[in-house]
Amino acid sequence: MPKNKKPAGGRPAKNFDPSYADRRSGGKGAQRPGSRSPGHRGHRADDAAPRKARWNADERAARAAERSGGGRDERSARPSDRDERGPRRSFDRDDRPQRSFNRDDRAQRSFDRDDRAPRRSFDRDDRPQRSFNRDDRPQRSFNRDDRAPRRSFDRDDRPQRSFNRDDRPQRSFNRDDRPQRPADRGDRAPRREQAPRSSNFYPSANTSAGFTADDDVVLERLEAQATVAADVEGVTFGSLGLGGNIERALAELGAPTAFPIQAATIPDVLAGRDVLGRGRTGSGKTIAFGAPLVEKLMENGGGKKRQMGRKPRALILAPTRELALQIDRTVQPIARSVGLFTTQIYGGVPQHRQVGALQRGVDIIVGTPGRIEDLIEQGRLDLSEVTVTVLDEADHMCDLGFLEPVQRIIRQTAPGGQKLLFSATLDKGVAALVNEFLTEPSIHEVAGEDQASSTIDHRVLVVEHRNKDMLIEQLADRDGKTLIFSRTRAYAERLTDQLEDAGIRAVALHGDLNQSRRTRNLQQLTSGRVSVLVATDVAARGIHVDDIDLVVQADAPDEYKTYLHRAGRTGRAGKEGRVVTLIPRSRRRRMADLLSRAEIEANFVEAAPGDDVVLEIAGEPTVEDLTD
DNA sequence: AAAAAAT
């Protein structure tokens, strides 16, 4: 019986977005050379253009282009820039340590290119015949920027270990209405006990149960098998069913034994079941799906491991390029330990390298939806043999704009293939995918992983709008790593400039930057070369950087899940972290509602620049903060 | 509003 309930045909129209196209082309061209502000290098007066209060997309792009293209010149120009500004704004902080303006400090490059042996290029095209016609694409421009990412294993994302709370209400769960699994999949591990369920478990597909995007409701939690952390303390990967090579690779990644979410999901993944996994931010979800996925491919792979042009058998989808890259940094060494290959397929970089890897043959693809669809349409990527598909940040992948491409991609994979959905905020928003693609999924979470047991201190500062930027500057003027979230790219860019002008080393991360700049800027925070990153929500989910101890939300999030993910960039590895959200007075009520949905307790304090509370927050978070 | 494909 085919698993797909919907016909594979009838592709919806492409989600072509003209404004997106404008932004992209705007970002490349030099239609607006130079800065618009007189204080900046390369300023060109443009009297013809009327002064605008806000930047439009093109200006933003030009600004981004300037920032990214500036290179060293930009840097050498900066200090004098500052001199012209006159005396620094004073907010009673003359004790600020002198910042070094030696900005020629780009991250060390390690030419981490693909370490596989050079392949002989057979003149052979064993690609299967495609049904759709491929118009001959023009030659792609060759751009050196797509070198492989630097390897930096941010391995240490261990959660706090000792909690023992099993007080979640038992939920009923009934799958009588699920299609039966084919008999040949009956060899899986015995089902764990599930209580019967009374009604429709999921809201009907593609309606989100009538909620609009504006309703920040907490969709009903998926009832899950709760694993008690204390019960799986010290469980080895070997005892979960993973082979010795993989276990050793994991140990090298800094994971000698399994985390709770890993202990919970790995056996079911190995048994071939569809799995939904919810684990707190930084709880080790990547290994939870990555390691058993590799084990399964190896078991089924047989002797054709190294075959040229073999088709990929596993696909891992992520919502952002940075996350895809990071996932690959974890999965690749695991895969390589058993002779399997991974490749990254995402946009923003030339495709030739990715295509070359596919032609040589890879086993696991890690990527983002756009480029994957692109390559499928070009006939350069064939997912028909993909038998394991993973969606990281699965609930986000079901949001508007992501869902349809994701559905189209999954429909290209082998029917009946295994599906793994993971997220820290997994909820019924994934129903559309579950209903179409999953069969009797097992659902796992870890007991006691709630906000009360977290190591994060939450504050809300109620601020006057005119004080906001100065307050952010004071918050960012500190020693530890600080991550600042803004709602828009333009504001992220503006804040970055402001911080730099104040002598605080900061870089930006958002979609107006080209990919090499994005990668570099994130790397600069990871390596500690800068201590402040100002980002849009591109950095909200999944990105792991060691030792971020302060998250500042320059704009409050609209959704409680966004709050949880942004906050989850700190307090990792069981360390203390702090989250500060700036809101205007008028937003207090909305913010309180959001926090209650997130099950977070936080004090609201009115604050102005220079207030003690601001200086205190800029200091080190302490254990006392968590207990008061 | 952001993200995800270029041209």
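Since the model is a prediction, treat every value here as computed from it, not as a measurement. Below, read A as the first sequence line, B as the second, and so on, with proteins coming before strands; counting in each chain starts at 1. All values below were derived from every heavy atom in this structure, side-chain atoms included, with hydrogens, water molecules and symmetry-related copies excluded.
The side chain of Arg518(A) places an N or O atom within less than 4.0 Å of a non-bridging phosphate oxygen (OP1 or OP2) of dA4(B). Arg321(A) has a side-chain polar atom (N or O) that falls below the 4.0 Å cut-off from OP1 or OP2 of dA4(B). Contact annotation: Thr536(A) does not reach the phosphate of dA1(B) (side-chain N/O to OP1 or OP2, under 4.0 Å).
Arg566(A) has its CZ atom 12 Å from the P atom of dA3(B), to the nearest Å. Straight-line distance from the CD1 atom of Ile376(A) to the C1' atom of dA4(B): 14 Å, rounded to whole Å. Look at CZ on Arg489(A): it is 5 Å from P on dA2(B), rounded to the nearest Å. Taking atom CG on Asp374(A) and atom P on dT7(B), their separation rounds to 9 Å, with Å as the unit. Computed from coordinates, the Gln378(A) CD to dT7(B) C1' distance equals 12 Å when rounded to whole Å. Between the CG atom of Leu403(A) and the C1' atom of dA3(B) there is a distance of 14 Å, given to the nearest Å. In this structure, His565(A) atom NE2 and dA2(B) atom P are separated by 19 Å, rounded to whole Å. Protein atom CG of Asp555(A) is 12 Å distant from nucleotide atom C1' of dA2(B), rounded to whole Å.
Annotation: the span from Glu599(A) atom CD to Tyr560(A) atom OH amounts to 8.5 Å, rounded to 0.5 Å. Separating the CE atom in Met591(A) from the OG atom in Ser596(A) is a distance of 10.5 Å, to the nearest 0.5 Å.
Between Lys561(A) and the options Asp399(A), Asp427(A), Thr425(A), a side-chain hydrogen bond (donor to acceptor under 3.5 Å, both in side chains) holds for only Asp427(A).
Relative to the side chain of Val538(A), the nucleotides dA1(B), dA5(B), dA3(B) differ in distance, and dA3(B) lies closest. Of the candidates dA5(B), dA2(B), dA4(B), the closest approach to any side-chain atom of Thr320(A) belongs to dA4(B). Nearest to the side chain of His510(A), among dA5(B), dA4(B), dA3(B), sits dA3(B).
Applying the side-chain contact (heavy atoms from CB on, under 4.5 Å) test to Thr488(A) and every residue at least two apart in sequence or in another chain returns Ala490(A), Tyr491(A).
Judged as a ring-ring contact (aromatic ring centres under 6.0 Å, His included), the pairs with a partner in residues 374-408 of chain A (not counting sequence neighbours) are, in order, His396(A)-Phe402(A).
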